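Numbers restart at 1 for each chain; the letters A, B, ... are given by sequence-line order, proteins then strands. Note that the structure is a prediction, hence the values are computed from the model and not measured.
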Amino acid sequence: MPIIDVRNLGKTYRTIEKEGGVKGAVKALFRPQYREKVAVHDLNFQIDAGEIVGYIGVNGAGKSTTIKMLTGILYPTTGSISVLGHDPQRERVANARNIGVVFGQRSQLWWDLALIESLNLVANIYEVEPSRYKQLLSHFAEVLELDEILKTPIRSMSLGQKMRAELAATFIHEPKVVYLDEPTIGLDVMVKQRIREFIKDYNQTHNTTVMLTTHDLGDIEQLCSRVIIIDAGSKVYDGPLNAIKQQFGKFRTITFETNQPIVSVNLPPACEQLNLSEFSLEVRFDRSQISASQVANAVMQQLDVADFTLNEPDLESIIKHLYQNPTAYNEVGARG
Amino acid sequence: MDKLYYRLRTYRSVVGMNIKEILAYNFWFWSQVGAHILLTIAYISFWKALYSERDSIAGLDMQQTLTYIILARIVMPLVQWGYTQEFGFWIREGTISSELLRPVDFQERIYIGHLTRTFVSLAQQLIVVGSLALFVFKISLPTDPLVWLSFLISLLLGCSILFCFDWIFGCIAFYSTEVWGLQVVRGSVLLLFSGVLLPLTMLPTALQTIAKWLPFAQSVSVPVSILSGMTPLSNLGSIWLQQLAWLSVMFILSRLMFNFSVRKITVQGG
């Protein structure tokens, strides 16, 4: 029985389109021209208890729109959502008790108040039992290093402190489902690492279901075993992270540095030229068909090579390749 | 029982939070005090000048009018702002989404905060404007505790009516991205028809009728008339009934309007 069940979900925004200039503005006042924009189209997925799912896509792909519909603050145009058996829109308050949400670009805490005041209020709102609250607070203070900032108003916190504060406020009522919308945006590596560890640890100890949107593939690699990729509002991939890695992991690249300017080069089959500049050449090859030494040998017979490096593909280059070549999704077997 | 316990705890936090938020802005607090002193002096001088030529205006003598005006000044900052700006801010900044994600009634939470602010503001006004009236302008304020109690009840009802009205009005921000104009309209209508500028009995009959059908008078003119002695306590029964009727209608409308317009939300960004 899935915890999150999304069926045929769609959202269409209607915006007023204005022509330029004062004339256009006046015209829009009396006869507005509406334009419909499909943000999410016919989305289907199920998420089980305890899963951490990476929900990724380029800017404007529809990630945040989906998250907002799942949390209940945005009404879908079509389809249905069930989170722990609740309809997030119709049963907003009941649903809100079960979930926690972090919007990386927006604070849910009270700007002028010290963190501890915000946490106290959140604990009361979510009816956290006082002794349990005390326990959780001291635990979070330790793992998120909150002691130094408990009495600091949110407005005087650094970005990293703010995000730690947000996480504490989000997890203090022990939600069963957590949506994290770009939780590591703009943070330094140390804070990112601490936050990832916190999420991972919490997921393991509480069996919390986590849905994570991010542009930081480090988040995905360290946290998610499953990935859903969305493009232009539609799901294009849903499956294990490993499948993408294995499929694209068969590709490697070699970068050659030459002593003489490169005029032309003939590559053996199963090779593809990625970058070419005066003294450097980058080649991608399918290692199931040709070996690195064969490629290097072929190139070195034609060019005066000073140095070369062999690169294993990282997730970032794989995702970049996927974003740029939508047809490549078929190669990894998109699940519809 | 448990539910009630947590609810009361939540309210206690909300009340405390609002008081702390007011106090977080020291300069704002004191600049408001200064502004009220200046405005009170201006109002009193203006009415004294008017009465230098005659003994009564619309059946009110100078003492009655001054008492009313001073008391209206005390109530004024309680009703001045409304919620249009806040709604605009919540929607523009996306705070509305965090608010809607909490498992409590949003309107109820804001209402508790609103009442807190109202009564902090009232205390502040009573001290500043009240002592100015008593010691500088020698205007006597009522001493009967029963009058004060009736005033407070009527004020509580009036502010709740206006809160619901402002909630309805604020919901327009879901449809119009521009809130400044709405705020200005509300401010001007409030100034004339609430009885903050002058006792409503001084208005032409046609305007008095309009004032009767707008909710603004319920929060200023009605309670202030009780406190200034213009409305005898024997009328209290019918006044409270009327205020309760206003409140029920406004409350129901505000719930409907909010639930309807919240579907419009398109929170920016992301």
Measure A:Leu113 against the heavy atoms of chain B and call it side chain, backbone, both or neither at under 4.5 Å.
-> side chain

Where on A:Ile67 is there a heavy atom nearer than 4.5 Å to chain B: the side chain, the backbone, both, or neither?
-> neither

Part of B:Arg109 within contact of chain A (heavy atom distance under 4.5 Å) | side chain

Heavy-atom pairs under 4.5 Å with chain A are the metric here; pick the option from B:Leu100, B:Asp105, B:Val262, B:Val14 that has the most.
-> B:Leu100

For the residue pair B:Leu101 and A:Phe103, establish whether any side-chain heavy-atom pair is separated by less than 4.5 Å.
-> yes

Whatever's closer than 4.5 Å to a heavy atom in chain B on A:Arg97 counts as both

Can you tell me if CZ on B:Arg7 sees more than 12 non-hydrogen neighbours from other groups inside 6.0 Å?
-> no

Name all pairs fulfilling the side-chain hydrogen bond (donor to acceptor under 3.5 Å, both in side chains) condition that reach into residues 70-86 of chain A, sequence neighbours left out, sorted by first residue then second.
-> A:His86-A:Glu91

Less than 4.5 Å apart, any side-chain heavy atom of A:Gln108 and any of B:Arg102?
-> yes

Heavy atoms, side chains only, cut-off 4.5 Å: are B:Lys20 and A:Asp112 in contact?
-> no

After noting the C-alpha distance and the side-chain angles of B:Thr10 and A:Leu121, does the key distance pass the side-chain contact (heavy atoms from CB on, under 4.5 Å) rule?
-> CA-CA 6 Å; B:Thr10 306; A:Leu121 180 62; 4.2 Å; yes

Turns out that what part of A:Val122 lies under 4.5 Å from chain B's heavy atoms comes down to side chain

Quick one: does B:Pro103's side chain get under 4.5 Å of A:His173's, heavy atoms only?
-> no

Please round to the nearest 0.5 Å and tell me the distance separating atom CG of A:Leu109 and atom OG of B:Ser98.
-> 9.0 Å

Go through the side-chain N and O atoms of A:Asn120 and B:Ser13 and say whether any donor and acceptor fall under 3.5 Å apart.
-> no

Intermediate values then yes/no, side-chain contact (heavy atoms from CB on, under 4.5 Å), A:Glu127 and B:Arg9 | CA-CA 9 Å; A:Glu127 301 176 9; B:Arg9 279 178 68 105; over 6 Å; no

Check whether any side-chain heavy atom of A:Glu129 lies under 4.5 Å from a side-chain heavy atom of B:Tyr6, and answer yes or no.
-> yes

Would you find more than 12 non-hydrogen atoms of other residues, nucleotides or ligands less than 6.0 Å from A:His41 atom NE2?
-> no

Side chain, backbone, both or neither of A:Ser107 within contact of chain B (heavy atoms, under 4.5 Å) = backbone

